[in-house]
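Below you'll find the structure, written out as structure tokens, and then a few comments.
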2 protein chains.
Amino acid sequence: MTADVRLLLADDEHLIRGALAALLALEDDLVIVAEAASGPEALAMARAHQPDVAVLDLQMPGADGVKVATSLRTELPDCQVLIVTSHGRPGHLKRALAAGVRGFVPKTVSAQRLAEIIRTVHAGNRYVDPELAADAIASGDSPLTAREAEVLELAADGAPVAEIADRAALSQGTVRNYLSSAATKLGAENRHAAVRLARERGWV
Amino acid sequence: MTADVRLLLADDEHLIRGALAALLALEDDLVIVAEAASGPEALAMARAHQPDVAVLDLQMPGADGVKVATSLRTELPDCQVLIVTSHGRPGHLKRALAAGVRGFVPKTVSAQRLAEIIRTVHAGNRYVDPELAADAIASGDSPLTAREAEVLELAADGAPVAEIADRAALSQGTVRNYLSSAATKLGAENRHAAVRLARERGWV
DNA sequence: GCCACCTTCTGACATTTGTCATGCCGAGCG
DNA sequence: CGCTCGGCATGACAAATGTCAGAAGGTGGC
């Protein structure tokens with residue numbers, strides 16, 4: 001018989017984390033060795049308990065799941081990372097895979113499935129939710145250049161062009177040109193709608 | 001001994017709902033008679049099973065928790081509603097209480113606490129998470145008039161004034177006046193930043 | 001070496017906004 | 001009854017934004 005799978009569970013919602021822990025504990029071969037409620041805490045717990053698999057929520061205070069995964073990759077190369085998320089945005093999946101995450105699933109899966117997926121990931125295989133994968137493929141690659149994306153991001157909170165130009169160390173004209181071309185590429189009427197679209201598709 | 005509390009559980013995340021169901025089922029006096037993954041489904045389930053307490057997620061596809069609560073209030077006056085949420089925005093709490101919701105808690109509570117709160121609500125009492133209540137009081141009432149809020153909401157997706165005016169059946173000048181005064185009241189530089197602020201404070 | 005493309009800029013122009021003054025109507029209040 | 005406030009509108013002006021053309025330097029491919 002194979003050894004038990006040692007798990008780290010990180011989610012900022014107590015209720016969810018506790019419930020999840022209870023359900024996963026029902027599986028004979030899974031044992032939860034640590035829980036965390038934030039990104040930094042997850043890292044500390046991982047260092048302290050050396051889990052085989054880290055199950056991370058994508059959105060946590062402090063540092064999101066992908067950032068934690070990146071750090072874990074170098075600090076604990078033997079620890080596989082599985083990300084669980086509520087809102088499956090295509091861009092996140094891409095970032096996560098780039099960070100060396102082995103599994104990516106929405107919270108709509110059942111606990112049974114999750115347990116299976118944890119075993120899959122622990123065995124060194126990858127698992128990505130088919131629906132999220134399809135979304136990611138359908139939404140395709142960002143048509144934006146690096147600068148366009150950067151400027152669009154700075155425009156995200158509704159700041160005026162002057163402020164964006166300042167923060168990006170560009171001239172106002174250049175900023176307007178970038179925003180204009182970004183909006184055109186995304187088929188948006190103005191930069192604000194463009195920001196919304198880019199957000200939806202995970203391009204910012 | 002009092003009769004068991006019959007529960008309806010509604011959350012679009014399978015994983016969470018299942019886990020929650022498992023945990024609450026451990027309590028002797030709580031019995032889950034129905035589960036739902038969307039607003040309309042929750043309503044249908046409630047009609048079919050006549051639960052004593054409905055535990056609703058705030059954000060669900062179809063109709064959000066508050067809308068479901070409003071409908072339940074008239075259709076099943078004996079069913080108490082308890083709302084559970086991830087992102088505790090002050091405005092939601094106010095809307096929820098106005099809709100006759102008896103309990104409002106963040107998902108950060110433990111399952112134990114949740115079970116207690118369910119009993120509290122079932123007994124006809126109210127329960128609001130102290131921290132959320134404090135936030136709601138601190139953020140105060142919306143300074144926006146009904147129209148201002150309405151117009152601001154239409155501006156949320158970055159639509160140009162012309163489109164907003166069209167959808168609100170107002171003149172463009174009027175729309176600009178409303179947006180302008182809303183932005184001033186919120187201390188924002190422009191309507192887009194105003195939308196963001198109003199969102200954060202739960203005023204839209 | 002040429003071509004394509006990104007980055008960055010300038011300047012000019014049309015359009016969209018934000019802002020302000022002002023007016024009218026209806027509801028609520030002292 | 002008059003006052004105030006919110007809803008709705010105009011018109012006019014200033015500021016911000018979007019659009020276009022053009023131009024120069026850099027990188028990378030073929």
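Labels below follow one simple rule: chain letters A, B, ... track the order of the sequence lines, proteins then strands, and each chain is numbered from 1. Side-chain atoms are counted along with the backbone in the values below, which use heavy atoms only and exclude waters and symmetry mates.
Checked against side-chain hydrogen bond (donor to acceptor under 3.5 Å, both in side chains), A:Thr70 has no partners two or more places apart in sequence or in another chain. The side-chain hydrogen bond (donor to acceptor under 3.5 Å, both in side chains) check on B:Gln172 picks up nothing, with sequence neighbours excluded.
Atom pair B:Leu152:CG and C:dG18:P shows a separation of 11 Å (rounding to whole Å applied). If you measure from atom CZ of B:Arg191 to atom P of C:dT16, you get 12 Å, rounded to the nearest angstrom. Between B:Glu150 atom CD and D:dG6 atom C1' there is a gap of 14 Å when expressed in whole angstrom units.
For A:Glu116, the CD atom counts as densely surrounded, since its 6.0 Å shell holds more than 12 non-hydrogen atoms of other residues, nucleotides or ligands. The environment of CZ in A:Arg6 is crowded: more than 12 heavy-atom neighbours from other residues, nucleotides or ligands sit within 6.0 Å. With a 6.0 Å radius and a threshold of 12 heavy atoms from other residues, nucleotides or ligands, B:Gln112 has its CD atom at or below the threshold.
Near DNA chain D, meaning a heavy atom under 4.0 Å away, the residues from residues 159-180 of chain A are A:Pro160, A:Val161, A:Arg176, A:Asn177, A:Ser180.
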So which protein N/O to nucleotides 24-28 of chain C N/O distances come out below 3.5 Å?
none

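Evaluation of the side chain to side chain donor-acceptor pair (under 3.5 Å) test over residues 38-48 of chain A, restricted to residues two or more places apart or in two chains, returns A:Arg47-A:Glu75.
Between A:Val101 and A:Val66 the shortest side-chain heavy-atom distance does not fall below 4.5 Å.
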N/O donor to acceptor pairs below 3.5 angstrom from side-chain atoms of residues 8-16 of chain B, sequence neighbours left out:
| residue | atom | partner | partner atom | Å |
| --- | --- | --- | --- | --- |
| B:Asp11 | OD1 | B:Glu13 | N | 2.9 |
| B:Asp11 | OD2 | B:Lys107 | NZ | 3.2 |
| B:Glu13 | OE2 | A:Ser86 | OG | 3.2 |

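Within the 4.0 Å cut-off from OP1 or OP2 of D:dG6, not a single side-chain nitrogen or oxygen of B:Arg147 is found.
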